[in-house]
Protein chains: 2
Amino acid sequence: MKESSARTRILDVASRLFYEQGYNSTGINQIIEEAEIARGSLYNHFPSKRDLLTAYIQQAEDRWFAELDKFLATLKDPRQKLLGLFDFRIERQLRSNFGGCLFSKIGAEVPKDDLNAFELVYHQKERFKIYITELLQQMKLSEPQALSQEMLANALFMIFEGATAIASISKSDQAIRDAKKIAESLI
Amino acid sequence: MKESSARTRILDVASRLFYEQGYNSTGINQIIEEAEIARGSLYNHFPSKRDLLTAYIQQAEDRWFAELDKFLATLKDPRQKLLGLFDFRIERQLRSNFGGCLFSKIGAEVPKDDLNAFELVYHQKERFKIYITELLQQMKLSEPQALSQEMLANALFMIFEGATAIASISKSDQAIRDAKKIAESLI
DNA sequence: GTCTATAGCTGGATAGAC
DNA sequence: GTCTATCCAGCTATAGAC
C-alpha cells in the first residue's frame with residue numbers, strides 16, 4: 001500500500017532535486033529512480049519535463065505563501081510582520097543551506113524561450129510585492145516619508161530580493177540580517 | 001590569416017553562448033562550430049569545460065569593471081557616479097535584452113560542488129560592494145544619516161542587485177529606474 | 001595547429017507486454 | 001498502474017592521422 005499517490009511522489013522528488021541540483025542538471029531517470037515509480041507512470045502524469053517544471057513552480061508558490069502566512073501568524077503589528085519577512089528568509093535559507101530563492105533560480109536557469117516558466121516566476125515576485133504593499137498600507141506611518149508608499153514597498157522588495165541573492169552567493173545570512181536592519185530604519 | 005587567436009575566439013564565442021543560453025545548456029560542439037576551431041584545439045587551450053567557465057567569469061569581471069569605469073568617467077561628482085551605476089545597469093540590460101546579471105546567473109546555475117565558480121562569482125559581488133563603499137566615502141554627507149555609511153553602502157548594493165534580478169524576470173527596466181529613484185532619496 | 005572517428009555516457013521520450 | 005527495451009540525439013572527452 002502506497003502512502004502517497006504516484007503523482008505526489010513524483011512532484012515531491014522532482015521538487016527536491018530541481019531545487020538542490022538545478023532543473024537542467026536533473027534528469028528524468030533520476031526522478032524515476034528516487035520516486036520509485038515507473039517510467040510510463042511519470043509520462044502519464046506529466047507529458048513532458050516542462051509540464052513537470054510548471055507544476056513544480058506552481059506548487060512551490062502556493063507553499064511559499066502558505067508558509068509565510070503561518071510564519072507571520074503570531075505577529076499582529078504590520079510593522080513586525082514586515083520585519084518578520086526577513087526572519088522568514090533567514091529561516092528558509094538556513095534550512096536550505098543557502099540554496100537561494102527557488103523562483104529566481106528558475107528564472108536564471110531556464111532558456112529565454114520558455115515564456116511559461118518566466119511568467120510563473122514573475123507571478124510569484126509580483127504577488128510578493130503586493131504582499132509587502134498591503135502590509136505597508138496597514139501601517140500608520142508616523143511622519144512624512146522621504147519615499148512614497150509605493151516606492152517604499154519597492155525598496156523593501158528589492159532589498160529583500162537582493163539580500164537573498166547575496167546570501168546565496170556568499171553562503172551566509174549576514175546580508176539578510178543587514179537587510180532587516182536597513183528595513184528597520186526605513187519604516 | 002586569422003584576425004584573432006584561437007583562444008580569443010573560443011572565449012568570445014563561449015562567453016556569448018554561456019550568457020545567452022546558459023552554461024549547462026551550451027555544448028562544446030556548438031562552441032567549436034561557431035568559433036570555427038578544431039576540437040583538439042579547444043581542449044588544448046581549455047582542458048575541461050570548467051576551465052572554460054573559469055576563464056569566462058574572470059574575463060567577464062575584468063571587462064565589467066573596465067566598462068563601468070569608462071561609463072562613469074565623465075562624471076566627477078561621487079553622488080552622480082553612484083546614481084550613474086543604475087544607468088550603467090539599465091544600459092547593459094537593454095543591450096542584453098534583460099538577460100540579467102552574468103555572475104548571478106552562473107551562481108544560480110552551477111552545481112553546489114563547483115566551489116571555484118562560486119568563489120569567482122562572490123569575488124565580483126564583493127568587489128562591486130567595495131566600489132560602492134568607496135564612492136560613498138568620497139561624498140560629503142550633508143546631514144547625520146539614519147543609516148551608517150556601511151549600512152548605506154549595503155542598502156545601495158542590495159537594491160542594485162535586487163533591481164537587476166527583477167528587471168531580468170520582468171523583462172523591463174522599470175525596477176532599475178525605480179531603484180535609482182530610491183537611491184536618490186537615500187544619498 | 002588542423003581534421004575525423006569514436007568512446008562512454010546521459011538526456012528526453014516512446015512502445016509494448018503484463 | 002508496473003516493467004523492460006529501445007530510439008535518437010546530445011553530451012564531454014580522447015585518440016590518431018595530417
Side-chain angles (χ1 to χ4, degrees), chain A residues 1-57 105-106 108-117 120, chain B residues 1-57 105-106 108-117 120:
Chain A
M1 197 156 49
K2 299 284 172 52
E3 316 88 39
S4 52
S5 73
R7 190 180 195 279
T8 302
R9 263 177 303 142
I10 293 168
L11 198 46
D12 282 352
V13 167
S15 295
R16 176 171 51 82
L17 295 178
F18 284 170
Y19 183 68
E20 290 179 1
Q21 306 179 347
Y23 171 73
N24 286 321
S25 304
T26 300
I28 294 286
N29 293 328
Q30 190 184 6
I31 295 171
I32 289 167
E33 201 175 301
E34 299 200 15
E36 295 179 301
I37 47 94
R39 186 168 217 79
S41 187
L42 186 147
Y43 281 99
N44 185 35
H45 288 292
F46 305 97
S48 77
K49 196 186 175 186
R50 280 200 176 186
D51 294 303
L52 192 47
L53 175 62
T54 297
Y56 163 60
I57 304 175
K105 278 187 72 160
I106 293 297
E109 198 181 357
V110 297
K112 273 187 192 167
D113 65 335
D114 195 342
L115 299 178
N116 180 257
L120 294 172
Chain B
M1 195 156 50
K2 299 285 171 56
E3 317 89 38
S4 52
S5 73
R7 191 182 193 279
T8 301
R9 265 178 303 142
I10 294 168
L11 199 45
D12 282 351
V13 168
S15 295
R16 177 170 52 82
L17 296 178
F18 285 169
Y19 183 70
E20 290 179 0
Q21 305 179 346
Y23 171 73
N24 286 321
S25 304
T26 300
I28 294 287
N29 293 329
Q30 191 183 6
I31 296 171
I32 289 168
E33 201 174 302
E34 298 200 15
E36 295 178 301
I37 47 94
R39 183 167 219 81
S41 186
L42 185 145
Y43 281 99
N44 185 35
H45 288 294
F46 304 96
S48 78
K49 196 185 174 186
R50 280 200 176 186
D51 294 303
L52 192 47
L53 175 61
T54 297
Y56 163 59
I57 304 175
K105 278 187 71 159
I106 293 297
E109 198 180 358
V110 297
K112 273 188 191 167
D113 66 333
D114 195 341
L115 298 178
N116 181 258
L120 293 173

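Protein chains get the first letters and strands the later ones, always in sequence-line order, with residue 1 at the start of each.
Closest contact between the side chain of S41(B) and the listed nucleotides dT14(C), dT2(C), dT4(C) involves dT2(C). Of the candidate nucleotides dT14(D), dG1(C), dG12(C), dG12(C) has the atom lying nearest to any side-chain atom of K49(A).
The CZ atom of R39(A) sits 12 Å away from the C1' atom of dA15(C) (whole-angstrom rounding). Straight-line distance from the CD1 atom of I28(B) to the C1' atom of dA13(D): 9 Å, rounded to whole Å. One interatomic measurement links the two molecules: NE2 of H45(B) to P of dT14(D), which rounds to 16 Å at whole-angstrom precision. Spacing between atom CG of L52(B) and atom P of dC11(D) amounts to 14 Å, rounded to whole angstrom units. Atom P of nucleotide dG11(C) and atom CG of N24(B) are separated by 12 Å, given to the nearest angstrom. The CD1-P distance, from I32(A) to dA5(D), rounds to 15 Å in whole Å.
Both Q30(A) and A6(B) sit near DNA chain C, but only A6(B) has its closest nucleotide nearer the 5' end.
Remark: side-chain polar atoms of S41(B) are not paired, donor with acceptor, to backbone N or O of I37(B) under 3.5 angstrom. S15(A) places no side-chain N or O within 3.5 Å of a backbone atom of Y56(A) that could act as its donor or acceptor partner.
As judged by a 4.0 angstrom heavy-atom cut-off over every strand, T26(B) is placed among residues touching the sugar-phosphate backbone only.
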* Asked: Does the pair D51(B) and S48(B) meet the rule for a side chain to side chain donor-acceptor pair (under 3.5 Å), with working shown?
  -> CA-CA 5 Å; D51(B) 294 303; S48(B) 78; 3.0 Å; yes
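For N29(B) and dC11(D), the shortest distance from a side-chain N or O to OP1 or OP2 is below 4.0 Å. Side-chain N/O atoms of N44(B) include one lying less than 4.0 angstrom from OP1 or OP2 on dG1(C).
Cation-pi geometry between K49(B) and Y23(B) is satisfied (NZ or CZ under 6.0 Å from the ring centre, within 45° of the ring normal).
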